[in-house]
Structure formats: C-alpha cells, structure tokens
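Worth saying up front: this structure is predicted, and the values here are computed from it rather than measured. Numbers restart at 1 for each chain; the letters A, B, ... are given by sequence-line order, proteins then strands.
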There are 2 protein chains.
Amino acid sequence: MSGGGKKVTIRDVARRAGVSPTSVSLVLSGKAASLPEATRERVRRAAQELDYRADLLARSLVTRRTNIIGIVVPDLTNPFFAEAVRHIQPALAERGYDVILCNSEERAENDLRYIRLLAGRSVDGLLLAPSAEAFTEPYSRTLRKLLGELGIPYLFFDRYFEDEPWVAVDNEGSSLLAARYLMEQGHEKIGVITGPLSLNSSRNRLAGVRRAYAERGLCLRSEWVYEGKYDIATGSAGCAELLGRGVSAVFAFSDMQAYGVYAGARRAGRRISADLSVMGFDDSVFSSVLEVPLTTMRQPVRQIAEEACRVLLARVESGETLRPQNFAAQLVLGKSVAALPHEREREKSSQ
Amino acid sequence: MSGGGKKVTIRDVARRAGVSPTSVSLVLSGKAASLPEATRERVRRAAQELDYRADLLARSLVTRRTNIIGIVVPDLTNPFFAEAVRHIQPALAERGYDVILCNSEERAENDLRYIRLLAGRSVDGLLLAPSAEAFTEPYSRTLRKLLGELGIPYLFFDRYFEDEPWVAVDNEGSSLLAARYLMEQGHEKIGVITGPLSLNSSRNRLAGVRRAYAERGLCLRSEWVYEGKYDIATGSAGCAELLGRGVSAVFAFSDMQAYGVYAGARRAGRRISADLSVMGFDDSVFSSVLEVPLTTMRQPVRQIAEEACRVLLARVESGETLRPQNFAAQLVLGKSVAALPHEREREKSSQ
DNA sequence: TTGTACGCGTTATCAC
DNA sequence: GTGATAACGCGTACAA
C-alpha cells in the first residue's frame, strides 16, 4: 500500500526462498553460476513477490562504488551545456550510472567546492567543464592538485588542460574552416570575439583564425580581437567595439555571443549580412529562428557527450585511458554571411 | 600526496585524539555539549590533521538520509527548465543538499523510471516537472500510485496535479494579463498556441485567455486555439495554421513557441508586429536579442525555484506542508505587439 | 564518556 | 560442489 512499505531486505528474500542471504546475493547479482537452476528460480520468484530492491547505499558502502558520475558545468543556461548534459545523462543511465549535476556559474570556487562535494559522495567519476577562472592561477594549480589527491577518475570535456585527459571538438580545425569560409566570401577584415583566453578552446579557435589569415599571407590584427565571455553581453560589447574598427565580418566563438552581435549591430543601425557578416560557433537551436539565420559551426554535441561518457567509463571500469576521438565541427549555412561586392565581381569576371 | 590516500575513519581520529569513536562522532556533529572543551579541541585538531571526512555513504546507511534531492525535468534544453535547475541547485546546496538531475525528454516512461531510480538511491525528496504524457492515463495513475507507495516527500513544480503539492506561476492570472494587454492594443482575434492540454499549466493559461474574452463580452473561437508542445516546431506549425484563420495576434504559451511563430511568420511573408503581433510566455534570454524583441510574460523563475526548495525541504525536514506562495508573471514589453490601426484611431479621437 | 549493537549487502571462510 | 556462517564497511544511537 502507501506510505513507503517497510524495506525488504535480502534476509527477507532468503527466508521466503528458504536459502541463505548469501545465495540470494549471488543469484541476484548473476554470480551464482554454480547454484542449481531450481534454487535460482526460487530466489528470483521470492525477490519478485516481495518486490525486493537492493539498498544501493548498503551496496555502495561495501563495494566502494556508487555508480554515480559527478558533472560540473559552468553555465547550464548556455544551450551548449544544456544540450551536452541532456546527452550525457541518458548515455550514462544506459550503462547504469546516475548523474549528480553541479553548475559552477563560472566561478572557480564553485568548481573546487563541487568537486570536493562530489568526492565526498564517493562518485565513481568526474566529468568536468570548469569555469574559465579555474584555468587561471591560483585556481588552476589547486584544481589539479585536488584532482590528483582525490584519486577519482576524471575527464575534462569542452574545456581542458592539454596534458589531462579530455574530449572536445577540434577547435583549431573548426575555426580554421569558419575563417576560411569567411575569406572565401571576400572578408579580409574579420573581427573576432573570443571566449576567455584562459580557455584553450578559445586560444585554439583563435589559432585557427590566425592560420586562415596566414594561408592568405595576411595577418590578424590584434585590434580585431575582442576577448569576451561566451555570453550574449560580451557579444554585444564586442560588436560595438569591433564595428568602430572597420571589420566587414565578425566571427563569434559562440552562438550566444553571435546573438549579442545581432543585438549590438541593430543598436548601431547595421543590418546583419548586408552591413555586417556574422559567423557563430555551436549551432544552438535559436540560430535558425533568427530573422537572419545564423551561419555557424555546428558542434557535434551528442557525439562529444557520448564519447566523453565512453572514455570516462573506460577509466572508471577498467582503468584504461582511451585516446579520445577527434570531432570536427561542421559549417551550417545561414544567411548571416554575405559575399563582399568586390568578391562577387571577381567571381563574375573569372567565369 | 596523490592517489586517493587511504580513507581516514572515525576510529583513526579517535585513536589520534585518545578518545572513543563515539566522542569523535559527537564532537564533529556538534552534539557534544557535555564534553570538556579540551577534548573537543583535541578531536577537532586530530580530525584536521588527518584530513578526516565522514563517509557520507556510511552515514546515510544509518541515518537513512542522503541529503540528496532528485529532480526530474522534461526538457533541459528548454531555457525555462535550465534556468529553474540553475536556481534550484544552489538553493539546495546552501542547505546541504545535492541534486541528482534527470531529464525525461518528455516521456512518461522516463519519469517513472527515473523516479524509481531516485527512490532506489534513497533521495530525501523529489522535485518533479513530469512530461506532458505523464498527465494522461494510464501514466498519470501509475505515477501517483508510485509516489504514494514510495513515501518520499515530493513537490511538483511548473507542472502539477491540482490535488498534489505544487509550486508554479499563477497561470490563469498571468495569461489573463497577457490577453488583456493584447485586447487593449485592439486585438480581438487572438490565436492561441497552447502547450499540451494535459498540463493544467496550459489549461489554466487558456482559461485566462477565455476570461479576457469574457470580460469584453466576446468569445474565444475554438479554431483560434492550436494545441502545441511548448517547443519551436509546434510554434511554427501553429502559426501557419492560425494565419489562415485571420488572427491579428498570436499568444504563444512559451517563448520557444513564439520563436517558432517568428520563423513561421517569416516563411509566410508576414512581418512580426506590422503584420502579426506576437505575445510569448517565459521571457527567455533570447527574446531580447530578436530583431523584433518579443513581448512576453516573464516568469519569476528564481522565486519559483527557491520557493519550491523551501516548501520541499520543509516537508523533508519537518514533514510540514507549507502553503506555497503564488507567483504572478510580469508583462515585459518588447516590440512584437502592435496596436491595431483602428484602435489607434479610436485612441486619437477619444483624446 | 564509552562500549556495543545496528543498518544491509557483500565477500571470504568454512562445513557438509 | 552446495550452501551456511561470520566478518566487514563506517558512522550513529542507545544503554550503560
């Protein structure tokens, strides 16, 4: 009936089935290879009838495994992380793991606090996308020291230290593609709104842009680079700044920032595409509903999420460190990037 | 050093401090009122030096409390829920609770599965926003039966059964305000894109619209009501349908749907505001970056989240059922609602 | 203040 | 080989 019926223990089942608790344990965990089928069946029936469910706490206390993975993300309201968590959670559930989710709100103190807290809960593994702040001193050192001491398998995703295990998109390659595309459309003055440069996701994306410039024998001017924060606000701010520096296109390192660029451009009386081309990064769902759909680099969030789970669980379950696969982002054409006039003419005349 | 140093038990501390494990337990949990300060200090120092941390599993096993709250949301990529979780998590953390988060992906089977799973983990409480499907038979009955049997304190938020404890925005009142506003702008043919009508959030919002009509002696025609799903896709679909029925405005019951309306209107060659007024519900961050900022009803997500935590924890910790406070949404003026011409004239002539 | 039993599965040991 | 018995993990509650 109701009221959380008294818990059924393994001994109740044993009594009912007329065997010892030990046998019940073995049968129910599938390790009773040696027991006669008759016994196993009796145990299973008894367990079924009593609606027995093992107390996970008790089990964990002895096995020292909780089947819980702790996740720390910097900002749940960023669609990229929401989407990532959305894929990670079922991927882990499928393999018998639950998720304790923590949102650091981009504060390194929270990263540390939550990691300690998760460790206190004896999670089996950690999936980390720390705050940008956590990649600066002294947090960075503290974080790595802490992880070393805890002895809990961990994996960074999206944001990472080069020398620690991680899974993320191929940042440099992806932004190289993006920048090349902009240049193919005739843009040679491309403003860049980066994320925090403490993140090598940002640094690597920036490197990709530089490479694209280099390929054409050009150089990215430093006044065309604006360091933002992967959010809408810095997108707007960056846009305002870059517009004054004569860029014909803006490459925002996240779609959130690109949305900010839209707002900033409007405020400045510039039309997206016609007056200012915009490239994003992520392909969040909202990009397609904008009046001028955003041209952006789609991150294969689901693959990244699933790969992260795979790699982390390999470490958790067998201690092996898989070399994670690399993921390329894919160019999604919206209408926010226009070909520059003279480029169109060049194309025409070369036909 | 590194490598997850061997765990320090309460007995280690006791040995070090030269007292009994029991005393250590008492001191560290602050219940050692009677012990001499000297002893307490010794214990604390010993604990500090050994870096003792109680094993939460062992503690939970005996106290039967885990200090974990399970949350089930239907769609993490919906900004409303992402935002809600973002506020809930720290509110609970502040009071010593962690969160296991589950995302049902709008599938009732997952709701049930996750609730069982959370119960298996002996969570102290459940915060539920079930899938729309879960409010239909046979899921609905199963869900309530399950909750009754588990005996775990629970609280519904945003989506709820009238006769169960819940916290949510004042749906009817809020949509009444929204509809009134539209009518004040001269709209008397208002298309409505609802969420699933199995949710009384949707039904109540619809009731609010009907009341607004009634206040003017009018009646909401049934062909102006389109039942959607709180997502972008049904927003577009609903828009397409409603446009053919001569509405001058569309009231979408979520901003996501409103975004879909923007896309649908564009596809149909209608301009937002000029050709079609749009009202949303939620005030998601993206609404302000749209080329035509969305006029929408802002849900006080943070208050709702914090109130939900407060009410649930009251049930968890002292078994009392607080009567939750009511939350009104607030009209946020964008530019997506235009005054109808004849209305403007009326205003002019009445001056 | 402290000894001791307890919570509940699991694992190692031991007898049939 | 088949199954029972006992100890264990670790913090807490209650009696002493």
Rounded to the nearest angstrom, tell me the gap between atom [atom1] in [X] and atom [atom2] in [N].
{"X": "Arg42(A)", "N": "dT2(D)", "atom1": "CZ", "atom2": "P", "result": "14 Å"}
{"X": "Arg59(B)", "N": "dG11(D)", "atom1": "CZ", "atom2": "C1'", "result": "7 Å"}
{"X": "Arg64(B)", "N": "dG11(D)", "atom1": "CZ", "atom2": "C1'", "result": "13 Å"}
{"X": "Arg15(A)", "N": "dA4(D)", "atom1": "CZ", "atom2": "P", "result": "13 Å"}
{"X": "Arg65(B)", "N": "dG11(D)", "atom1": "CZ", "atom2": "P", "result": "18 Å"}
{"X": "Leu57(B)", "N": "dC8(D)", "atom1": "CG", "atom2": "C1'", "result": "15 Å"}
{"X": "Arg40(A)", "N": "dT2(D)", "atom1": "CZ", "atom2": "P", "result": "11 Å"}
{"X": "Leu28(A)", "N": "dC8(C)", "atom1": "CG", "atom2": "C1'", "result": "14 Å"}

Ignoring the backbone of [X], work out which of [options] is nearest its side chain.
{"X": "Ile10(B)", "options": "dG9(D), dG11(D), dT5(D)", "answer": "dG11(D)"}
{"X": "Asp55(B)", "options": "dG11(D), dC8(C), dG9(C)", "answer": "dG11(D)"}
{"X": "Ser23(B)", "options": "dG11(D), dT2(C), dG9(C)", "answer": "dT2(C)"}

Assign Thr39(A) to base, sugar-phosphate, or nothing according to its heavy-atom contacts below 4.0 angstrom with the strands shown. sugar-phosphate
With sugar-phosphate meaning primed atoms plus P, OP1 and OP2, does Val19(A) contact a base, only sugar-phosphate, or nothing at under 4.0 Å between heavy atoms?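 Result for Val19(A) = sugar-phosphate.
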Side-chain contact, heavy-atom cut-off 4.5 Å: Val24(A) with Val19(A)? yes
Could you grab the distance from atom CZ of Arg310(A) to atom CG of Leu322(A), nearest 0.5 Å is fine?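 Reported to 0.5 Å precision, the distance equals 5.0 Å.
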With distance as the sole test, does Asp124(A) use its side chain to make a donor-acceptor pair with the main-chain N or O of Ile69(A) at under 3.5 Å? no
May I ask you to decide whether Arg113(A) forms a salt bridge with Glu109(A), counting only side-chain N to carboxylate O separations under 4.0 Å?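 Here Arg113(A) does not pair with Glu109(A) in a salt bridge, since their nearest N and O are not under 4.0 Å apart.
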Looking at Glu164(A) and Arg315(A), is any side-chain nitrogen of the basic one under 4.0 Å from a carboxylate oxygen of the acidic one?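 Looking at Arg315(A) and Glu164(A), the cut-off is not met.
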Pro21(B) or Leu61(B): which one's nearest nucleotide on DNA chain D is closer to the 5' end?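 The residue mapped nearer the 5' terminus is Leu61(B).
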Listed by chain and number, what are the salt bridge (charged side-chain N to carboxylate O under 4.0 Å, His left out) partners of Arg44(B), not counting sequence neighbours? Glu37(B), Glu41(B)
Assign the ring pair Trp166(A) / Tyr160(A) to parallel, tilted or perpendicular, where the plane angle (0 to 90°) is split at 30° and 60°.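 It falls in the parallel class, under 30°.
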Quick one: does Arg11(A) reach the base of dG9(C) with a side-chain donor-acceptor pair under 3.5 Å? yes
Readout for nucleotides 11-16 of chain C: B = base within 4.0 Å of protein heavy atom, S = sugar-phosphate only, - = neither; 5' to 3' it is BB----
